[in-house]
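Below is one structure, written out as structure tokens, with a few remarks after it.
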Amino acid sequence: MTGSRGSQADAPPLLRARDLTKRFTTRGGGGPLGRKSVFTAVDSVSFEVFPHETLALVGESGSGKSTTARLVAKLMEATDGTIEFAGRDVTHARGTDLARFRNDVQVVFQDPFSSLNPRHTVERILTAPLVYQGLPIPGGRRAFAGELMERVGLNPDHLHRYPAQFSGGQAQRIGIARALAVGPKLVICDEAVSALDVSVQAQVMDLLLRLQRESGFSYLFIAHDLAVVRRISHRIAVMKQGVIVESGPCAEVFERPRDPYTRTLLAAIPRIDPEWDRRRREGAAEHASITASPEELP
Amino acid sequence: MTESPAHRAGPDESADLLEVEGLTVTFPTTRGPVDVVRDNTFTLRNNETLGIVGESGSGKSMTALAVMGLLPRGARTSGSIRFRGTELLGRPDAELRRLRGNAMSMVFQDPLSSLNPYYTVGLQIAEVYRCHRGGSRRAARRMAIDALGRVGIPDPAERVDRYPHQFSGGQRQRIMIAMALICEPALLIADEPTTALDVTVQSQILELLAELKRQTGTGMLFITHDLAVIATIAQRVLVMRDGEQLEYADTERVFSAPRHPYTRMLLESIPRIDDELAAPGVVSPTARPARPTDPAPAQEEVR
């Protein structure tokens, strides 16, 4: 499956992170007079994301995966290391350069409700990325936002609703639509499907895959769930305590994990008896013609 | 209710620890009363784990809270909940309080919000014991140390005097389990006990629960949205959606031959690591063509 990409050999990387490091200064006990200590959340992390590719960054809590995402999205300044985007060094980008970078790189967050302004209509939310950058809205606000709604499988008639009037899955679709507003080259999904119910999660993942097929952008997909990652990524990097312990093509990491930690992670995933599964699939094949699908999208 | 009532009565009536019959939980809302659980019927035998599985809003947690008598104010219940043959619905709160933490106890999803940050964990565990069994502080403290040891907290004699924030998330959940099991309850209700935990910690907690159940014979009601977790821990499974029971049978039957389309859809939706690799870009069988959706469901204020 990575063989079919072919992009890694010929195309230059879209994003290149080199020796990214983030240190936080914390105070232990003792209040303001307490001793300072330095915590390295991300420790010399290097990786590349190629065009049209999905790289998953997987790890448990405290592994530094979300901090890495924030550094790459330039929502946080790295202590050390460099970030190159489309061949340009953006590590210290400011002003116009940063605005251009934000046009190319968008983020979808875990909790759709806290990342959407509750007092803004969907139309305003979806056009905000262009408005903030002073860009013209092609075709007018209404048509532009309506088209985005359709792309993510929502009803364009609901443009004047507020986030609270949508379900969690629908709100996440709005978050995805907003990321697409500027026509990004890289979409960073920070646990974008983790908070969703399993049936909704499957649909949102299908949406993410379809959008990538249609528009050809890359994903940096941050997740704690290896099973989710397996369906969506071409390559995987496993993080632990701020360090990438293993990275490689998706199939290889799952079938021949090299690092003991990756093996521990894989072994910890609860599994359904394969025999039960086999019988269910056989049964499902018989039922296939009469199986009805639930009616509404999330 | 698509299941035949055949499984509802256990083969051995005397072995039933918990019998729930026609349980309905209703909340008054601005748009009139809403049933969050409708006509739910199931039994839990001694030494058995029954998994209640469903997505958010399915009524699985409300079912658990109804059994514990911990439903939010304003909720109305009807039907019957019999615990060791005694009806619980309609019993005075004081009586239920004597049962809770004693003969039946509960472990919640978020251990940090269930523990009091101002007291040491030892004090909190000992309090449960003294409240139901009395005895000296010193004896209760010994019990607490013992309980912490049993749930795998290293160096329990020293750590008994620490505060909740000094433990990791997994250890806090172990502490909650120690507290829930201190009076050796006949029934343990675990409501998404591993949902907030990392996957490696989750597997340890699941093992711990299974091991403790083997040792004590406690019946367990395990509530989760995660079908794979249910598959590893429960002997029987009850699937809920929108307050309704859709399927109720042996775990093997539900997973190998699900009868309800919703159960089938849920099983298809689980992201897997052991099936044939679906390459990115291959749309799963559950995918449907994108199309404009119906209006969002109205937000009911039930909390």
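As the structure is a prediction and not an experimental result, all values here were calculated from the model.
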Partners of A/A195 by side-chain contact (heavy atoms from CB on, under 4.5 Å), sequence neighbours excluded?
A/Q110

I'd like to check the side-chain contact (heavy atoms from CB on, under 4.5 Å) partners of A/D273; sequence neighbours left out, ordered by chain and number.
A/E275, A/W276

Most contacts with chain A, counted as non-hydrogen pairs under 4.5 angstrom, among B/T232, B/T200, B/D226, B/L197:
B/T200

Determine the option with the most heavy-atom pairs under 4.5 angstrom with chain A, choosing from B/Q204, B/E252, B/Q202.
B/E252

Taken to the nearest 0.5 Å, the spacing of A/L196 CG from B/S269 OG works out to 12.0 Å

B/R272 CZ to A/R230 CZ distance, which is reported to the nearest 0.5 Å:
9.0 Å

Does A/Q241 have more than 12 heavy atoms from other residues, nucleotides or ligands lying within 6.0 Å of its CD?
no

Starting from the C-alpha separation in whole Å, work towards a yes-or-no answer on side-chain contact (heavy atoms from CB on, under 4.5 Å) for B/R253 and A/R279.
CA-CA 10 Å; B/R253 214 284 277 133; A/R279 272 157 41 201; over 6 Å; no

Which of residues 51-58 of chain B get closer than 4.5 angstrom to chain A, counting heavy atoms alone?
B/E55, B/S56

With a 4.5 Å limit on heavy-atom distance, are the side chains of A/D225 and B/V199 in contact?
no

Any non-hydrogen side-chain atom of A/V198 less than 4.5 Å from a side-chain atom of B/P271?
yes

By salt bridge (Lys or Arg N to Asp or Glu O under 4.0 Å), B/D161 pairs with (sequence neighbours left out) B/R141

Residue A/L266 versus chain B: region with a heavy atom under 4.5 Å:
both

If one checks every heavy atom of B/L267 against chain A at 4.5 Å, the contacting part turns out to be both

Evaluate side-chain contact (heavy atoms from CB on, under 4.5 Å) for B/M265 paired with A/S199, printing each intermediate quantity in order.
CA-CA 7 Å; B/M265 189 272 294; A/S199 59; 3.5 Å; yes

Report the option among A/H224, A/R271, A/R278 that has the most heavy-atom pairs separated by less than 4.5 Å from atoms of chain B.
A/R271

